[in-house]
Amino acid sequence: MRRLLLVLWIVLAPLPVFAQRFAQHGQGPSSEDRGKPPSKTGQAIEKLVFPALKWPVPEVGKDVQREVLPNGIVVYLKEDHALPLVEVKVLVRTGSVFEKPAEHGVAALTGALLRAGGTTTLDAETLNRKLESMSAELETSIGLEEGVATLDVLSKDVSQALPLLADVLLHPRLDPTKLELLREQYHESLRRRNDDPDTVANREFDKVLYGAHPYGRELDWEVLKKMKREDVLAWYDKFFHPSLEAVGRKTPATSLWQRPNVMIAVSGDFKSDEMLATLRRLFGGWEPRKITAAAPPKVQNTPRPGVFVVKKELAQSHVLVGHLSTNRYSPDRVPIAVMNYILGGGSFSSRVMEKIRNDEGLAYSAGTYFSINTTDLGEFVGYLETKAESTHKAVALLVEEIKRMASGEVTEKELAAAREAYANSFIFGFGDASQTVARLMQLEFNDEPRDYYQTYLDKVRAVKVEDVARVAKQHLQPEKLTILVVGNPSKFDRALDALGPLKTIPLKPVQ
Amino acid sequence: MKVLIALLALVLACTPAEAAPPAPAAIDLPVTEFTLKNGMRFIVLPRHDTPTVATYLQFKVGSAMEHPGITGGSHMLEHMMFKGTKTTGTWNYEAEIPLMKEIDRLAGEMVAEQAKFATTYGGGDPARVAAIKAQITKLQAEQKKYMISEELWGIYQRNGGSGLNASTWEDGTNYYVSLPANRLEVWAMLESDRMRDPVFREFYTERDVVNEERRMSVDNDPDGKLFEALQSAVYVSSPYGWPTIGWPGDLNSMRREDMEAYFRRYYAPNNAVAVIVGDVDPAQVQALAEKYFASIPPSNLPTTVATEEMPAGGHRRVEVEHEARPRLYMAWLGPKYGDPDEYVLDVIGEVLSSGRTSRLYTALVEKKRIASSVSAFNYTRRLGNLFLVNATPQGNTSTRALEEAVSEQLDLLKTQPVSQWEVRKVTHGLEADFIRRLQSNTGIANSLGNAEALSGDWRNFDQRRRWYAVTPARIMQVAKKYFTRRNLTVATLVGPAKGVK
């Protein structure tokens with residue numbers, strides 16, 4: 001009777017598809033019940049009076065302590081003694097966006113090898129044994145735009161586990177035999193890259209949208225197989241240092257953050273002054289350096305409209321439609337979120353779900369999202385899965401809903417429901433100390449306004465019908481949609497060229 | 001939570017590094033439990049860290065209570081429970097009644113016509129089926145005028161509902177949502193309403209949705225497909241042989257009346273457990289429970305299905321053809337639910353595959369490099385345990401070679417005692433995971449609710465004592481008893497059929 005009791009549950013609503021790249025807050029409602037009278041239960045609930053919720057939005061300097069070490073590392077701390085646990089999260093400014101074409105994969109490989117490869121004084125096996133003896137979980141990874149290290153440990157063991165985290169980050173061994181193992185594992189994942197239609201759809205969709213830009217790049221075996229330990233070491237050396245100077249491209253800074261290269265958030269069962277002293281001792285000697293990395297290439301904002309078909313023997317077609325969009329610095333982020341909520345982000349009562357799932361029974365999973373928590377251009381995406389025999393019909397309905405929203409048609413009722421849902425569920429973004437402290441640290445790391453969360457509720461409540469209409473017109477481009485379908489065209493209800501010029505993407509195996 | 005902290009700290013602090021660990025002290029959660037007159041169970045745990053509350057409502061019915069012909073019924077009903085009631089999701093229920101009656105009549109005709117397709121002699125007229133379908137669609141559109149679509153979901157969301165969903169598995173069906181703590185009454189109103197008077201609107205459209213769900217999670221998904229084949233090979237007498245989502249033939253002949261009958265049979269307050277964890281006052285929860293749930297009448301519950309799996313008569317193998325690279329599942333029938341051997345198997349699962357020092361990981365992934373991933377765990381359900389190993393071969397390794405390498409590791413468990421270090425590492429790890437699950441209201445609500453529903457006592461959510469009792473000698477004994485060839489079923493995904501494109 002273990003944790004895996006959950007494995008085989010099947011749920012009513014599919015888990016949100018977004019957040020492969022970045023997270024997003026809440027889910028929401030809406031639905032247009034076109035001037036119908038309310039239900040009896042609905043009326044009774046409207047009449048309930050709720051006492052005010054005593055919950056101040058957590059603030060840096062008040063609920064969360066922020067300190068800067070002399071070498072430029074910024075530390076966030078929050079005590080929480082409910083359970084004998086401590087959680088640590090380290091952010092390092094690096095990422096696969098900085099890779100040159102001949103280096104594809106070095107970031108991911110470095111991220112994995114930091115932890116897997118041991119340290120200069122502890123070989124991998126010894127490190128594993130030490131950590132697992134105290135049930136501590138230490139992991140490292142490098143994604144598109146950041147490196148992350150996490151440590152999850154019982155508070156009684158924190159004095160033994162924290163030095164291991166520091167050792168992994170400051171003195172990694174980058175063991176060549178572990179590099180070989182990781183390389184083989186990446187190779188196998190590439191061989192399996194066409195097993196799952198979901199993986200195929202996301203990969204090919206990003207490739208169409210981003211072309212050769214790192215945002216749309218897949219690991220390349222030809223490059224990966226030549227990668228040496230020296231390449232990993234060079235990558236590590238280039239980025240893994242504290243620094244107070246920004247790395248790479250300048251972002252339109254909206255605040256006066258210091259843009260540290262290394263940040264550490266700690267939450268849980270400890271005393272802050274003691275923890276801070278420990279962090280100074282362990283990380284204070286990490287030599288600061290000016291980090292020089294060429295700015296990543298800019299995303300080319302070229303629309304790639306059309307229908308792209310990837311042929312695979314499937315009972316059900318996987319569909320993604322969308323186009324490039326804005327980034328995290330857009331002043332429209334809140335109204336965009338509210339608009340998307342009404343369109344297809346609000347799960348069951350969103351327009352896309354109501355039309356495609358409730359009315360037509362064409363899909364189990366259908367919706368839209370903006371993946372725009374990026375420094376460069378993100379994407380707007382609509383998704384659905386439907387049986388091969390209704391592919392054209394379902395795609396056409398999805399496109400139609402995007403068009404209707406882009407025309408600016410929205411009701412006060414839909415908007416009110418979306419606003420309320422965002423405002424009332426906001427608290428769940430700060431469920432526990434580790435979530436709170438990580439969120440506030442990320443704000444600084446991302447160079448977003450300091451008061452982002454303090455003003456968030458006001459921004460949500462201020463969204464008007466005109467705002468939704470404006471951002472819908474501006475941020476939805478139904479005439480420029482890239483439509484990607486993974487499926488078996490011989491079974492489609494209608495040829496998809498009715499939706500735009502058709503192109504077939506061959507599915508290549510990796511040997 | 002304060003009591004809890006003190007006790008946990010105590011347990012962990014007095015576990016010396018070398019000596020055999022003492023059994024951990026029980027956790028004394030400040031739980032308030034009560035049972036309404038109609039038999040509905042409530043478990044309430046105040047936790048005042050943030051002003052939110054997690055709710056969990058389980059009906060003790062899942063696919064194991066079904067029978068051939070209605071497989072998938074429990075899950076289908078879970079979907080229908082979101083379609084409103086006489087007073088939710090509608091502004092004029094009276095006007096809907098005649099429409100639904102007519103839809104039901106037509107659906108009866110449609111299902112009867114479709115049934116004729118099943119035999120070569122029966123015929124069946126596709127045009128007639130299509131015509132009836134069109135009529136149903138028209139009536140549904142008519143009914144929609146009176147409906148407020150997805151109102152329950154919308155109300156929860158407007159009230160800040162988070163983690164809103166429902167799930168069905170073999171032994172139960174769960175409905176869950178977290179709310180700002182000041183809005184718990186919304187939960188009580190909506191849940192009591194749908195427990196009393198649900199109306200299964202848009203049934204035939206929802207059936208199509210569930211078919212799409214099946215295509216996504218089984219037909220299109222190599223792992224889903226392989227696991228379904230494995231379970232139906234492992235279980236001959238047990239109801240765990242059919243998938244929770246149901247067989248397509250059963251799904252497509254299911255009718256709205258079947259849902260109503262199933263609902264009346266199982267969705268009674270005396271078959272339900274509610275768990276509330278968060279910033280609440282137990283007295284207030286009790287008042288809400290009395291106000292909204294106490295008047296729902298109990299029912300005579302049918303006898304619980306107790307069809308256990310017969311002892312395996314011999315080794316079984318099954319192959320699945322699918323357009324994907326090979327993968328492997330191995331499964332051994334385990335002991336009854338709650339048997340002391342169950343906890344030994346839990347520990348064995350951890351010894352084999354938890355973490356980078358685990359046996360299968362070091363042997364198959366790191367040393368031999370024949371697997372890219374491997375996991376082993378004991379899957380516990382009411383009608384018995386099943387020990388599972390799931391592995392993906394690396395490179396050109398055959399599933400057969402991988403299977404042999406796994407068996408080799410299991411044989412080692414039978415012949416050599418597991419080291420004290422491994423046992424201690426694993427029991428500590430299980431305990432740490434247990435504590436981590438207590439971090440969120442939702443995690444606690446799930447643990448308490450599942451234990452209550454399955455074992456009849458929420459206190460069984462804490463199994464640390466049983467894990468701590470596991471010794472190397474017991475591991476050897478249990479490995480010998482269950483990891484036998486006759487007890488083993490193997491399922492392999494073999495790639496697409498040759499010559500088929």
Side-chain angles (χ1 to χ4, degrees), chain A residues 1-4 8-13 28-29 31 33 36-37 39-42 45 48 50-51 53-55 81-84 128-129 132-133 135 154 156 181 184-185 188 191-192 195 197 313-316 348-349 354 357-358 361 363-364 385-387 417 420-421 424-425 427-428 431-432, chain B residues 1 8-9 12 49 51-52 75 78-79 87-88 90-91 148-151 153-155 157-160 162 165-169 180 182-183 185-186 189 193 205 208-209 212-213 215-216 219-220 222 244-245 323-325 346 355-357 369 372 377 380 394 425 428-429 432-433 435 438-439:
Chain A
M1 168 87 151
R2 275 278 287 133
R3 49 182 104 134
L4 286 153
L8 303 157
W9 286 13
I10 49 174
V11 301
L12 178 82
S31 168
D33 278 302
K36 284 175 187 169
S39 71
K40 281 185 199 146
T41 310
I45 288 174
L48 293 178
F50 307 112
L53 207 62
K54 283 186 201 114
W55 179 73
H81 303 283
L83 290 166
N128 293 342
R129 246 180 113 85
E132 291 186 13
S133 293
S135 311
L154 296 167
K156 72 180 175 72
L181 176 67
E184 280 178 27
Q185 287 181 319
E188 186 58 31
R191 287 194 200 103
R192 290 179 180 273
D195 280 9
E313 194 96 5
L314 294 171
Q316 190 186 49
F348 273 92
S349 10
E354 172 162 7
R357 175 165 161 161
N358 290 0
Y364 168 68
E385 284 107 40
T386 191
K387 61 185 176 298
E420 267 183 74
N424 288 329
S425 64
I427 188 171
F428 291 100
D432 58 35
Chain B
M1 263 339 251
L8 283 173
L12 293 163
D49 306 318
T52 62
H75 172 249
E78 173 217 305
H79 277 241
T87 57
T88 313
T90 181
W91 58 275
I148 302 167
S149 274
E150 298 296 342
E151 193 188 19
W153 195 279
I155 290 174
Q157 285 179 310
R158 283 209 308 280
N159 283 283
S162 170
N165 220 326
S167 55
T168 308
W169 67 105
N182 57 353
R183 290 168 195 256
E185 190 163 3
V186 173
M189 285 175 89
D193 184 30
T205 316
D208 292 343
V209 170
E212 291 294 353
E213 183 177 358
R215 287 185 194 101
M216 189 175 85
D219 302 346
N220 264 15
T244 294
I245 201 160
E323 198 179 322
R325 283 177 60 85
D346 288 346
R356 291 175 171 89
T357 61
R369 303 200 173 184
S372 60
F377 68 101
T380 302
Q394 167 81 34
K425 170 196 76 167
H428 261 156
D433 288 349
I435 295 167
L438 302 180
Q439 279 179 294

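A, B, ... follow the sequence lines: proteins, then strands. Residue 1 opens every chain. When reading the values below, keep in mind they use all heavy atoms of this one structure, side chains included, and skip hydrogens, waters and symmetry mates.
- At least one side-chain heavy atom of A:E354 sits less than 4.5 Å from a side-chain heavy atom of B:S149.
- Residues meeting the side chain to side chain contact (heavy atoms under 4.5 Å, CB included) test with B:Q394, sequence neighbours left out: A:E184, A:Q185, A:E188, A:R191, B:S372.
- Residue A:A315 touches chain B through both its backbone and its side chain, counting heavy-atom pairs closer than 4.5 Å.
- The structure places CG of A:L314 at 4.5 Å from CG of B:N220, a figure rounded to the nearest 0.5 Å.
- Contacts of B:E151 with chain A are made by side-chain atoms alone, with heavy-atom separations under 4.5 Å and no backbone atom involved.
- In terms of heavy-atom proximity, B:G160 sits nearest to A:F428 at O-CE1, 3.3 Å.
- Considering only residues two or more places apart in sequence or on other chains, B:A324 meets the side chain to side chain contact (heavy atoms under 4.5 Å, CB included) condition with A:D195, B:P222, B:H322, B:L493.
- Summarising the geometry of A:S135 relative to B:A432, their closest heavy-atom pair is CB-CB, 3.7 Å, with the distance given to 0.1 Å.
- Here the OH atom belonging to A:Y364 is positioned 5.5 Å from the NE2 atom belonging to B:H79, to the nearest 0.5 angstrom.
- Between the B:N182 side chain and the A:P51 main chain, a donor and an acceptor come within less than 3.5 Å of each other.
- Among B:V209, B:V186, B:T205, the residue with the largest count of heavy-atom pairs under 4.5 Å with chain A is B:V209.
- Interatomic distance, CD of A:Q316 versus CD of B:E212, reported as 5.0 Å (0.5 Å rounding).
- In terms of heavy-atom pairs under 4.5 angstrom with chain A, the leader among B:R215, B:E185, B:R325 is B:R325.
- Listed options A:I427, A:L181, A:N128 were ranked by heavy-atom pairs under 4.5 angstrom with chain B; first place goes to A:L181.
- In this structure, the separation between CG on A:L53 and CZ on B:R183 is 8.0 Å, given to the nearest 0.5 Å.
- At a 4.5 Å heavy-atom cutoff, the contact between A:L48 and chain B is made by side-chain atoms alone.
- Ranked by heavy-atom pairs under 4.5 Å with chain B, the first of A:G42, A:S39, A:P197, A:G361 is A:S39.
- In this model, a donor atom of one side chain and an acceptor atom of the other lie less than 3.5 Å apart for A:T41 and B:D193.
- When all heavy atoms are compared, the tightest approach of B:E150 to A:N358 is CG-ND2, 2.9 Å.
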### Task
Assess whether side-chain contact (heavy atoms from CB on, under 4.5 Å) is satisfied between B:T52 and A:W55, documenting all intermediate values.
CA-CA 10 Å; B:T52 62; A:W55 179 73; over 6 Å; no
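- Checked by atom type and distance alone, the side chain of A:E132 pairs as donor or acceptor with a backbone atom of B:R356 at under 3.5 Å.
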### Task
Might you work through the side-chain contact (heavy atoms from CB on, under 4.5 Å) test for A:E420 and B:N159, ending with a clear yes or no?
CA-CA 7 Å; A:E420 267 183 74; B:N159 283 283; 5.7 Å; no
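- Annotation for A:I45 and B:M189: closest pair CG1-SD, 3.7 Å, computed over non-hydrogen atoms.
- Of all heavy-atom pairs spanning B:P180 and A:N424, the tightest one is CG-O, 3.5 Å.
- Heavy-atom pairs under 4.5 Å with chain B peak, among A:R192, A:K387, A:K40, at A:R192.
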